[in-house]
There are 2 protein chains.
Amino acid sequence: MTSLAHRRRTIRDVAKRAGVSISTVSNALNDTGRVNEETRLRVKQIAAEIGFRPSSLARGLLSKRTSTIGMLTNDTYGRLTLPMTAGVSEALVSQGVSVFLCATNNDPALAKLHLEALLDKHVDGIIFTATRLDVVPPVELLNLSIPVVYAFAKGPAGSLSFLPDDVQGARLAVDHLVGLSRRTIIHITGPEDYLAARLRARSYRDSYGAGAEVLFGDWTEEWGHAAIDMIFERDATPDAIFCGNDQIARGVIDALRDRGVRVPQDVAVVGFDNWEVIAEQTRPALTTIDMELKELGRRAGLAILGLTKGEAIAPGERGIACRLVVRQSSGRN
Amino acid sequence: MTSLAHRRRTIRDVAKRAGVSISTVSNALNDTGRVNEETRLRVKQIAAEIGFRPSSLARGLLSKRTSTIGMLTNDTYGRLTLPMTAGVSEALVSQGVSVFLCATNNDPALAKLHLEALLDKHVDGIIFTATRLDVVPPVELLNLSIPVVYAFAKGPAGSLSFLPDDVQGARLAVDHLVGLSRRTIIHITGPEDYLAARLRARSYRDSYGAGAEVLFGDWTEEWGHAAIDMIFERDATPDAIFCGNDQIARGVIDALRDRGVRVPQDVAVVGFDNWEVIAEQTRPALTTIDMELKELGRRAGLAILGLTKGEAIAPGERGIACRLVVRQSSGRN
DNA sequence: GTGAAAGCGCTAACAT
DNA sequence: ATGTTAGCGCTTTCAC
């Protein structure tokens with residue numbers, strides 16, 4: 001193997017080659033100060049030639065900014081965190097900001113370890129994300145001297161959080177079903193101790209009005225099956241089911257098919273999440289609510305970017321609108 | 001909002017407070033040089049008290065190491081990349097190394113942008129990961145002065161790659177079915193232009209011997225359905241099916257149930273991926289092959305760590321053994 | 001055992 | 001328009 005470890009080019013290399021001082025190089029490259037246009041061009045030319053890239057370490061030492069941010073997530077890279085990370089990264093890469101991704105696996109000690117590594121590295125800001133809205137963020141985030149933004153998690157009082165608008169999302173689902181002239185809509189959802197489940201359920205009740213019925217259970221296909229078994233033992237059966245997530249919806253649809261109930265003709269089904277591997281593969285494909293997590297991440301990224309630049313951004317909870325994705329499971333009957 | 005932006009403590013703050021010079025502080029904190037034990041303790045004590053954390057920027061400027069690595073992935077945080085990232089991070093966090101995650105979304109321009117950001121930030125090394133084995137890594141990775149490791153991707157000649165052992169994995173599946181006295185095993189898999197599909201198919205043929213039959217298609221449930229429809233139009237039907245991934249397997253199982261064929265009594269089914277949201281929710285739950293992606297990531301992480309420390313690690317392709325996960329879809333008949 | 005001083009690669013204030 | 005200089009926060013000789 002040939003030795004690839006050529007010493008990195010420094011500003012001095014450029015200066016020597018261009019026959020000017022290092023400060024002229026600095027000014028030329030950064031388009032600052034007064035530099036003869038010819039000189040500027042020549043310096044830039046030479047810098048490019050020898051592959052000079054300014055050390056962000058040296059730069060950061062002066063400027064106190066590193067163009068890096070940390071993302072702390074409580075789970076092991078789940079399906080919620082990832083679209084958000086994509087959004088964050090997308091918002092920041094064009095500004096030259098890179099993202100440290102740190103999964104804490106719900107382990108406070110690991111969270112602390114990651115956080116210390118981030119602080120050692122002088123990240124300009126931190127985004128905390130979680131797999132559920134009611135996770136309590138690490139207390140260590142409380143008194144940092146760098147800005148912190150919460151994404152898909154409620155930050156403490158006085159902080160800035162970006163959250164999906166579960167209430168609006170659930171209303172979207174119910175309104176859609178009502179618009180299709182469905183009369184009897186039942187809501188099958190996850191555990192009641194999840195804030196998201198409670199929010200969606202409350203919104204369903206508010207939109208639907210009298211006769212609303214909510215079945216809390218688990219976020220699984222199995223629960224979807226079980227719930228259908230319970231419901232269809234009764235006399236009155238619904239003509240629409242709004243599920244708290246896509247997995248439940250898939251279980252519901254499979255159970256309905258097993259019973260010979262036609263979807264969407266007899267019963268329309270709407271899910272929540274737009275988890276494509278589930279929603280697109282149910283038969284029929286699932287109408288569902290998309291939380292626009294990537295957009296949520298993008299917003300959080302832009303916010304942290306602004307904050308690190310010293311912009312004043314009002315704290316509070318920002319809701320991100322959900323989007324209805326219509327597929328076959330809710331067609332007209 | 002109270003001003004939280006207290007100036008960071010520096011080594012000088014510690015020195016002043018301890019009444020010693022900064023070099024003594026440095027030596028005391030790093031357990032280097034000759035320092036009186038009492039002094040050392042006192043310095044450490046004071047450093048902790050005022051919350052001093054050495055700037056990794058200043059440190060990196062001297063040492064040429066930043067304790068950061070970059071992960072470049074060709075997709076948008078898919079289900080393959082993520083367990084690997086978890087493994088990488090797990091291997092490195094205890095060493096104080098943080099990971100920049102960069103999704104290139106299969107866009108070469110974006111890849112270049114990310115790569116330049118990483119180089120600007122002096123990452124100590126780079127791990128490239130992909131969603132399929134036969135992705136061609138960005139050429140820009142070729143002549144870097146920092147080590148590069150490939151994970152779930154074949155690097156160029158002379159590089160170090162970590163790959164799942166698809167051949168062994170497929171053999172595991174076939175041997176398992178044969179061990180259950182299954183006689184007629186068919187292989188339904190994804191597109192033939194995927195290297196992974198070809199490797200698994202070849203291994204299946206080699207293990208199974210005469211009479212092997214491979215159906216190439218897509219990596220979807222839909223294709224699983226379609227394949228079963230084709231197969232069961234014929235006279236001779238198999239008593240076992242080995243699928244190229246879990247989605248196909250799920251489609252296969254659903255199609256079999258629709259036809260009244262019992263799984264596993266009449267036909268045993270084995271998948272590939274151990275994608276839990278799929279495998280655990282099929283009815284019956286799916287026996288499948290786990291590629292141990294987290295372990296693969298861990299190995300890649302350890303390798304890059306060694307390389308950045310200057311250890312000599314032989315280039316080549318390292319196969320990571322797959323693991324058979326037995327669930328109900330392949331029980332004894 | 002401790003401290004003074006040089007210097008990592010860069011930017012910015014100040015001379016010239 | 002360009003160069004000299006100080007210094008960001010730290011590690012590392014080398015004197016004392």
Side-chain angles (χ1 to χ4, degrees), chain A residues 5-44 46-47 50-68 96 119-124 145-146, chain B residues 5-44 46-47 50-68 96 119-124 145-146:
Chain A
H6 9 257
R7 197 179 54 76
R8 248 178 110 116
R9 303 306 184 170
T10 76
I11 197 170
R12 252 181 279 272
D13 297 323
V14 182
K16 194 186 297 176
R17 194 120 157 191
V20 296
S21 75
I22 60 166
S23 55
T24 299
V25 173
S26 176
N27 280 325
L29 259 30
N30 297 318
D31 292 320
T32 56
R34 301 163 301 245
V35 180
N36 185 309
E37 203 46 35
E38 260 179 60
T39 319
R40 195 184 291 278
L41 253 51
R42 192 160 44 86
V43 167
K44 284 190 175 176
I46 289 174
I50 70 175
F52 167 71
R53 49 176 78 251
S55 162
S56 67
L57 292 181
R59 221 176 225 176
L61 203 51
L62 272 314
S63 68
K64 311 293 179 206
R65 304 194 62 230
T66 53
S67 291
T68 61
L119 293 177
D120 283 348
K121 273 144 202 158
H122 291 237
V123 291
D124 295 333
S145 54
I146 52 173
Chain B
H6 11 257
R7 198 179 52 75
R8 247 178 112 115
R9 303 306 184 170
T10 76
I11 196 170
R12 250 181 281 272
D13 297 324
V14 183
K16 193 186 299 176
R17 194 122 157 191
V20 296
S21 73
I22 61 166
S23 51
T24 297
V25 173
S26 175
N27 280 326
L29 259 30
N30 298 316
D31 291 321
T32 55
R34 300 164 301 244
V35 179
N36 185 309
E37 202 46 35
E38 260 177 59
T39 319
R40 194 185 292 279
L41 252 51
R42 191 161 43 87
V43 167
K44 285 189 174 178
I46 289 174
I50 69 174
F52 167 69
R53 48 178 77 252
S55 161
S56 67
L57 291 181
R59 222 176 223 175
L61 202 52
L62 271 314
S63 68
K64 312 294 180 204
R65 304 194 62 229
T66 53
S67 291
T68 61
L119 294 177
D120 282 348
K121 273 144 200 158
H122 291 236
V123 292
D124 294 333
S145 54
I146 52 173

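Naming: A, B, ... by sequence-line order, numbering from 1 per chain.
- The residues B:Arg59 and A:Asp120 are annotated as not salt-bridged, no charged nitrogen and carboxylate oxygen being separated by less than 4.0 angstrom.
- Rounding to whole angstrom units, NE2 of residue B:His122 and C1' of C:dC10 are separated by 10 Å.
- Side chain B:Ser23 to base C:dA4: a donor-acceptor pair is found below 3.5 Å.
- When rounded to the nearest whole Å, the span between CD1 of B:Ile50 and P of D:dG9 equals 13 Å.
- Both B:Ile22 and B:Gly33 sit near DNA chain C, but only B:Gly33 has its closest nucleotide nearer the 5' end.
- Following rounding to the nearest Å, B:Asp120 (CG) and C:dC10 (C1') show an atom-to-atom distance of 13 Å.
- Across the protein-nucleic acid pair, B:Asn27 atom CG and D:dG9 atom P stand 20 Å apart, rounded to whole Å.
- Of all the residues in residues 53-66 of chain A, A:Leu61, A:Leu62, A:Lys64 reach under 4.0 Å from DNA chain D with at least one non-hydrogen atom.
- The distance from atom CZ of B:Arg9 to atom P of D:dC10 is 12 Å, rounded to the nearest whole Å.
- An OP1 or OP2 oxygen of D:dA1 is reached within less than 4.0 angstrom by no side-chain nitrogen or oxygen of A:Thr39.
- Atom CZ of A:Arg53 is separated from atom CG of A:Leu29 by 12.0 Å, given to the nearest 0.5 angstrom.
- When rounded to the nearest whole Å, the span between CZ of B:Arg42 and P of C:dG1 equals 15 Å.
- Rounding to the nearest 0.5 Å places CZ of B:Phe52 at 10.5 Å from CZ of B:Arg12.
- For the OP1/OP2 pair of C:dT2 and a distance below 4.0 Å, the side-chain nitrogens and oxygens of B:Ser21 include no atom meeting the criterion.
- No donor-acceptor contact under 3.5 angstrom links the side chains of A:Ser26 and A:Ser23, judged on distance only.
- DNA chain D is contacted by both B:Arg34 and B:Phe52; B:Phe52 maps to the nucleotide lying nearer its 5′ end (nearest heavy atom per residue).
- Between the CZ atom of B:Arg12 and the P atom of C:dA4 there is a distance of 12 Å, given to the nearest Å.
- Using a cut-off of 4.0 Å between Lys/Arg side-chain N and Asp/Glu carboxylate O, A:Arg40 and A:Asp31 are scored as salt-bridged.
- If you take NZ on A:Lys64 and CG on B:Leu57, they are separated by 8.5 Å, rounding to the nearest 0.5 Å.
- Rounded to whole Å, the distance from CD1 on A:Ile11 to P on D:dT4 is 14 Å.
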If you apply the rule side chain to side chain donor-acceptor pair (under 3.5 Å), what do you find for B:His122 with B:Arg65, and how did you get there?
CA-CA 7 Å; B:His122 291 236; B:Arg65 304 194 62 229; over 6 Å; no
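- Nearest-nucleotide positions on DNA chain C place B:Glu37 closer to the 5' end than the other of B:Glu37 and A:Asn30.
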